[in-house]
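In the text below, chain A, chain B and the rest are named by the order of the sequence lines, each starting its count at 1. Every heavy atom of this structure was used, including side-chain atoms; hydrogens, water molecules and symmetry mates were not.
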There are 2 protein chains.
Amino acid sequence: MQSPDRRSGKVGRPPRLSRDAILTAAQRILDEEGAERLSMRRLAKELSSTPMALYHHVQDKDELLMLLLEAHARSFPRPRFPEQPRERLFAGAQVLHDILADCPWVVEVLASDKFVSLSAMWIVENMIDALIACGLSPDDAVYAYRVIWYYTVGELTVRFNRERTRDAKAPPYRQRVMSSVTESDFPRLAVIGPRWVELTSVDHHRRGLEAVIDGLLAQNV
Amino acid sequence: MQSPDRRSGKVGRPPRLSRDAILTAAQRILDEEGAERLSMRRLAKELSSTPMALYHHVQDKDELLMLLLEAHARSFPRPRFPEQPRERLFAGAQVLHDILADCPWVVEVLASDKFVSLSAMWIVENMIDALIACGLSPDDAVYAYRVIWYYTVGELTVRFNRERTRDAKAPPYRQRVMSSVTESDFPRLAVIGPRWVELTSVDHHRRGLEAVIDGLLAQNV
DNA sequence: ACCTGAACACCGTTCAAGT
DNA sequence: ACCTGAACACCGTTCAAGT
């Protein structure tokens, strides 16, 4: 199905841009300026080109983000999975989380429904397989996988938002709420208040994942 | 602390806009055109005013969204909570989810770190209290609340994205991935494939919540 | 085939001026 | 005190034209 023009490479104007060059430049912007600065216009500038030149190599911004995620997932070290199904499930959920934790722009990819990364499918396959090996029916395995996925997405969303607004000063509205919490009619929150904002570590995420998985497995015996 | 000008209402130009009018108009746009159409400019048009007039009544778009959420949470029927702590926790998590499930724009509110809704604080207070009544330490209660919160945020994020892109046709990239999944090297996914895209019902969410909660409580005995 | 320039249809927000 | 208009600094994407 390959067009002869592409194969011979002798017809038409020779390309100055390439998918690879675009992805590399995009990654550089991501690393140096953050996900919120990556726009088609900014990227074109980085490549000393025009926004529309990019559309010859990717379909739209969503595909660009998808390709970045794909490349990242491919380059991610593939761990050896344990034999024991419960541990295998846990390891799968963890590597899924860790891959995405490096990609602050997943939120946007997630927003476009194009989030079906081939390079991460083996993990999903593995998790479903582990769930079935744990004794779940195929339907229950899908359900359980979804619960784990929701937990993962939520953790990542909150994590990225915290990182993004880390050094921004709290708006006045929030201060008003906070003081009303610590002073008054929320005794439990008042006690906990000071400890509330603690950083959420990787350990917390693992422990939560353990709870979610064990809760799911206990439901299906 | 109230300014005399505001009290007498006799100084300066009489107001044509009000917070209430702005919030009502915003809600109308939300209902009729969806969250992605609510912009300061669109809202100004709805009120036959200019974008900048709005900034006299709200600080910025984030505060506007926050106020909308606040109003919604206040108007939401407050259920009677069961006595039993585990059931109380479950009921709290559920009402938290249900309140937010009506607000497709929470995702944006969440993104701004201003998401501290006073009108929903009683729920959080109640959940923390229930967790402590279940025997958790204050620190463990915060951790457990967070896990439930992540699950909730993840469910809502995925839910809204699915709703938003419900009737949009799948992009070619996705089709490529899907066929490679059903055809080839993912036997588990191939079997499950057809059932994968099923709608996620409220029942699914409850069952998942149950698993998460029981998993958390089992961790702390 | 590959790229450019101008344009469309949007954003949130600031600033200086008007009533 | 409340509102307007113009402007700043952006978006993603389409379309017609150039090489």
- Item | D:dT4: pairing nucleotide in any strand, Watson-Crick or G-U under 3.5 angstrom |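 Its partner is C:dA16.
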- Pairing partner (Watson-Crick or G-U wobble, both distances under 3.5 angstrom) of C:dC11: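 Across all strands, not a single nucleotide pairs with C:dC11.
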Are [X] and [Y] close enough for a salt bridge, meaning some N to O gap below 4.0 Å?
X: B:R28; Y: B:E32; value: no
X: A:R19; Y: A:E63; value: yes
X: B:E33; Y: B:R42; value: yes
X: B:K61; Y: B:E108; value: yes

- Atom P, compared across C:dC10 and D:dA9: separation rounded to whole Å: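 Per the computed distance, 23 Å lies between those P atoms.
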- Query: Quick one: do the B:Q94 and B:D98 side chains pair a donor with an acceptor below 3.5 Å?
  - Reply: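 No donor-acceptor contact under 3.5 Å links the two side chains.
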- Message: As a test of reading the structure: which of C:dT4, C:dC3, D:dC3 is closest to the side chain of B:A53, going by heavy atoms?
- Response: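 Of all the options, the side chain of B:A53 is nearest to D:dC3.
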So, does [X] get its side chain near the phosphate of [N], meaning an N or O under 4.0 Å from OP1 or OP2?
X: A:R16; N: C:dT4; result: yes
X: B:S49; N: D:dC3; result: no
X: A:H56; N: C:dT4; result: no

- Note on the structure: Expected string for nucleotides 12-19 of chain D under the B/S/- scheme (protein heavy atoms, under 4.0 Å, primed atoms plus P, OP1, OP2 as sugar-phosphate) is BBBB--BB
Closer than 3.5 angstrom, by distance alone: can the side chain of [X] be matched with the main-chain N or O of [Y] as a donor-acceptor pair?
X: B:N161; Y: B:T157; value: yes
X: B:H205; Y: B:E155; value: no
X: B:E70; Y: B:S119; value: yes

- Task: Round to the nearest Å and state the distance from B:L47 atom CG to D:dC2 atom P.
- Result: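 In whole Å, D:dC2 P lies 16 Å from B:L47 CG.
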- Query: Between A:F81 and A:W122, does the ring centre distance come in under 6.0 Å?
  - Reply: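 For A:F81 and A:W122, the ring centres are under 6.0 Å apart.
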- Message: Below 4.0 angstrom, which residues in residues 28-36 of chain A have at least one non-hydrogen atom near DNA chain C?
- Response: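 Of all residues in residues 28-36 of chain A, none places a heavy atom under 4.0 Å from DNA chain C.
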